[in-house]
Enquirer: 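Take a look at the following structure, please.
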Amino acid sequence: MGVSDDALTAAGWTIQSPDVATVGDFTAVNLEAIMALNPDFVIMTSGTGGRGGDSSQIDLRDALVGAGIPVAYFEVTTFDDYERLMRTFTDITGRADLYDQNVAKVAAAIDAVVGAVPAENPPTALLLTTFSGGTRVQSSGTQTGAMLADLGVNNLADENKSLLKDFSLEAVIEMDPDFIFVIPMGNDTEAAMRNLEEATAANPAWGSLSAVQNGRYITLDPILYLSKPNAQWDAAYQGLFDNLYGQN
């Protein structure tokens, strides 16, 4: 069995088995390493690298298919995507019990959380990812952005598309969202957060933001909100709900 490095090292995902080999970073999977394992089936993501690059595992498809190796690609951004992927996998393995345990029960829990969202006065928010080299704004089309949308949040980036390309402290201050959510990314969480803190400290107006003054400038756990929460999607939804509405 072969996996990308993150499956062996990422917190919460660790696989410990002498029978598991690494085939490179998920942003740069090594074709030769995959071929050397002589796999019966290869499962890959159809998404891009996600760390500021544009690499894609799809680039390996033709070589694998040409070698007679069956390949399946999935892109998991939302819980609905996860449902479809897990239905496919459990149909292949004949483990409907695992679908019930890891998907159906989770879906019911998510429905309960979403059903508790107040019908009036939706909060406004900005969702940021920060890394050692900069900060980016996330729309409702991203993993955590989609969860926030399900929870009734008005993501200000959806109506201010320029923020998605060029992060601007001045624009954030002008919009003054009710909530600011930050997800540190990369291997050095402290460096990622330090980058954003240094940038915000350079602008005295940052402290005047409603989110900052009201304790609604919130750092999110990258395991749940940057990596895939998998069987913990309900916990991810609940965590956001608690931050958004728990203090109301």
Side-chain angles (χ1 to χ4, degrees), residues 6 25-29 44-59 73-81 122-212 216-229 236 240 243-244:
D6 54 300
D25 185 85
F26 83 99
T27 63
V29 175
M44 290 185 168
T45 175
S46 55
T48 56
R51 293 179 182 168
D54 58 0
S55 61
S56 174
Q57 295 178 11
I58 290 179
D59 297 339
Y73 287 89
F74 299 90
E75 183 170 359
V76 178
T77 299
T78 67
F79 180 73
D80 287 346
D81 296 333
T124 61
L126 279 177
L127 173 63
L128 313 178
T129 55
T130 188
F131 51 105
S132 58
T135 297
R136 292 178 177 171
V137 179
Q138 301 291 310
S139 72
S140 294
T142 61
Q143 176 177 300
T144 300
M147 286 190 272
L148 288 171
D150 287 343
L151 293 171
V153 171
N154 177 16
N155 187 332
L156 297 180
D158 293 342
E159 54 199 57
N160 296 273
K161 301 295 186 183
S162 61
L163 273 177
L164 301 177
K165 294 183 178 180
D166 299 302
F167 175 68
S168 166
L169 280 175
E170 291 73 19
V172 174
I173 291 166
E174 182 177 348
M175 287 185 286
D176 195 21
D178 297 323
F179 289 85
I180 298 175
F181 294 100
V182 181
I183 311 173
M185 62 186 299
N187 297 324
D188 190 338
T189 297
E190 290 185 6
M193 292 303 298
R194 186 166 58 247
N195 166 73
L196 180 58
E197 289 163 4
E198 289 173 353
T200 56
N203 193 322
W206 183 262
S208 68
L209 282 168
S210 300
V212 175
R216 293 175 171 176
Y217 174 59
I218 299 162
T219 302
L220 297 176
D221 182 352
I223 293 177
L224 287 181
Y225 300 103
L226 187 64
S227 304
K228 304 305 177 189
L240 292 175
N243 281 309
L244 291 163

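Atom set for the values below is all heavy atoms of this structure, side chains included, hydrogens, waters and symmetry mates excluded.
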Enquirer: Atom OG in Ser139, atom CG in Leu164: separation rounded to 0.5 Å?
Expert: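 Nearest 0.5 Å value for the OG-CG distance: 5.5 Å.
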
Enquirer: How far does OG1 of Thr135 sit from CE of Met185, to the nearest 0.5 angstrom?
Expert: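 Thr135 atom OG1 to Met185 atom CE measures 10.5 Å (nearest 0.5 Å).
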
Enquirer: Find the distance between CG (Asn243) and CZ (Arg216) and round it off to the nearest 0.5 Å.
Expert: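 So the gap between those two atoms works out to 10.0 Å.
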
Enquirer: Apply the side chain to side chain contact (heavy atoms under 4.5 Å, CB included) test between Leu220 and each candidate in Leu240, Leu128, Val182, Leu226; give the one that qualifies.
Expert: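 Only match with Leu220 under side chain to side chain contact (heavy atoms under 4.5 Å, CB included): Leu240.
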
Enquirer: With rounding to the nearest 0.5 angstrom, report the CE to OG1 distance, Met147 to Thr77.
Expert: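 The OG1 atom of Thr77 is 10.5 Å from CE of Met147, to the nearest 0.5 Å.
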
Enquirer: Within the distance-only criterion (no hydrogens, no angle test), does the side chain of Asp176 pair as donor or acceptor with the backbone N or O of Leu209 below 3.5 angstrom?
Expert: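 Not at all, since once roles are kept as given, no pair shorter than 3.5 Å links the two residues.
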
Enquirer: One pair to check against side chain to side chain contact (heavy atoms under 4.5 Å, CB included): Glu75 and Asp81. What are the steps and the verdict?
Expert: CA-CA 7 Å; Glu75 183 170 359; Asp81 296 333; 5.6 Å; no

Enquirer: Report yes or no: does Asp158 contribute a side-chain atom to a donor-acceptor pair with the main-chain N or O of Ser140 at less than 3.5 Å?
Expert: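 At least one qualifying donor-acceptor pair exists.
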
Enquirer: Indicate the atoms forming the closest heavy-atom contact of Pro177 with Thr124, along with that distance.
Expert: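 Taking Pro177 first and Thr124 second, the nearest heavy atoms are CA-OG1, 3.5 Å.
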
Enquirer: Would Ile180 and Trp206 satisfy side chain to side chain contact (heavy atoms under 4.5 Å, CB included), going step by step from the backbone distance to the final call?
Expert: CA-CA 12 Å; Ile180 298 175; Trp206 183 262; 3.9 Å; yes

Enquirer: Under the side-chain hydrogen bond (donor to acceptor under 3.5 Å, both in side chains) rule, collect the residues that match up with Thr129, sequence neighbours excluded.
Expert: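 Thr129 satisfies side-chain hydrogen bond (donor to acceptor under 3.5 Å, both in side chains) with Gln138 only.
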
Enquirer: In Å, rounded to the nearest 0.5 Å, how long is the span from CE of Met175 to CD of Glu159?
Expert: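 Going from the CE atom of Met175 to the CD atom of Glu159 covers 8.5 Å.
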
Enquirer: Please name all residues satisfying ring-ring contact (aromatic ring centres under 6.0 Å, His included) with Phe79, sequence neighbours left out, ordered by chain then number.
Expert: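 Only Tyr82, Trp233 meet the ring-ring contact (aromatic ring centres under 6.0 Å, His included) criterion with Phe79.
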
Enquirer: Counting N and O atoms only, with roles assigned by atom type, does the side chain of Tyr217 sit under 3.5 Å from a partner on the main chain of Phe179, one being a donor and the other an acceptor?
Expert: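 No: the side chain of Tyr217 does not pair with the backbone of Phe179.
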
Enquirer: Should Ile183 and Thr130 be marked as a side chain to side chain contact (heavy atoms under 4.5 Å, CB included) after you check the CA-CA gap, both sets of side-chain angles, and the distance that decides it?
Expert: CA-CA 6 Å; Ile183 311 173; Thr130 188; over 6 Å; no

Enquirer: Going through the distances and angles, do Leu163 and Leu126 end up as a side chain to side chain contact (heavy atoms under 4.5 Å, CB included)?
Expert: CA-CA 10 Å; Leu163 273 177; Leu126 279 177; 4.2 Å; yes

Enquirer: Tell me which one of Val153, Thr219, Leu148 satisfies side chain to side chain contact (heavy atoms under 4.5 Å, CB included) with Phe181.
Expert: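 By the side chain to side chain contact (heavy atoms under 4.5 Å, CB included) criterion, Phe181 pairs with just one of Val153, Thr219, Leu148: Leu148.
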
Enquirer: How many angstroms lie between atom CD of Gln143 and atom OH of Tyr225, to the nearest 0.5 angstrom?
Expert: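 These two atoms lie 10.0 Å from each other.
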
Enquirer: Would you say that Leu127 contacts Val137 through its side chain, given a criterion of any heavy-atom pair below 4.5 Å between the two side chains?
Expert: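 In short, these two side chains do not touch, never coming nearer than 4.5 Å.
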
Enquirer: Checking Ser210 side chain against Asp178 main chain: does a donor-acceptor pair fall under 3.5 Å?
Expert: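 Pair absent, no side-chain N/O of Ser210 close to backbone of Asp178.
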
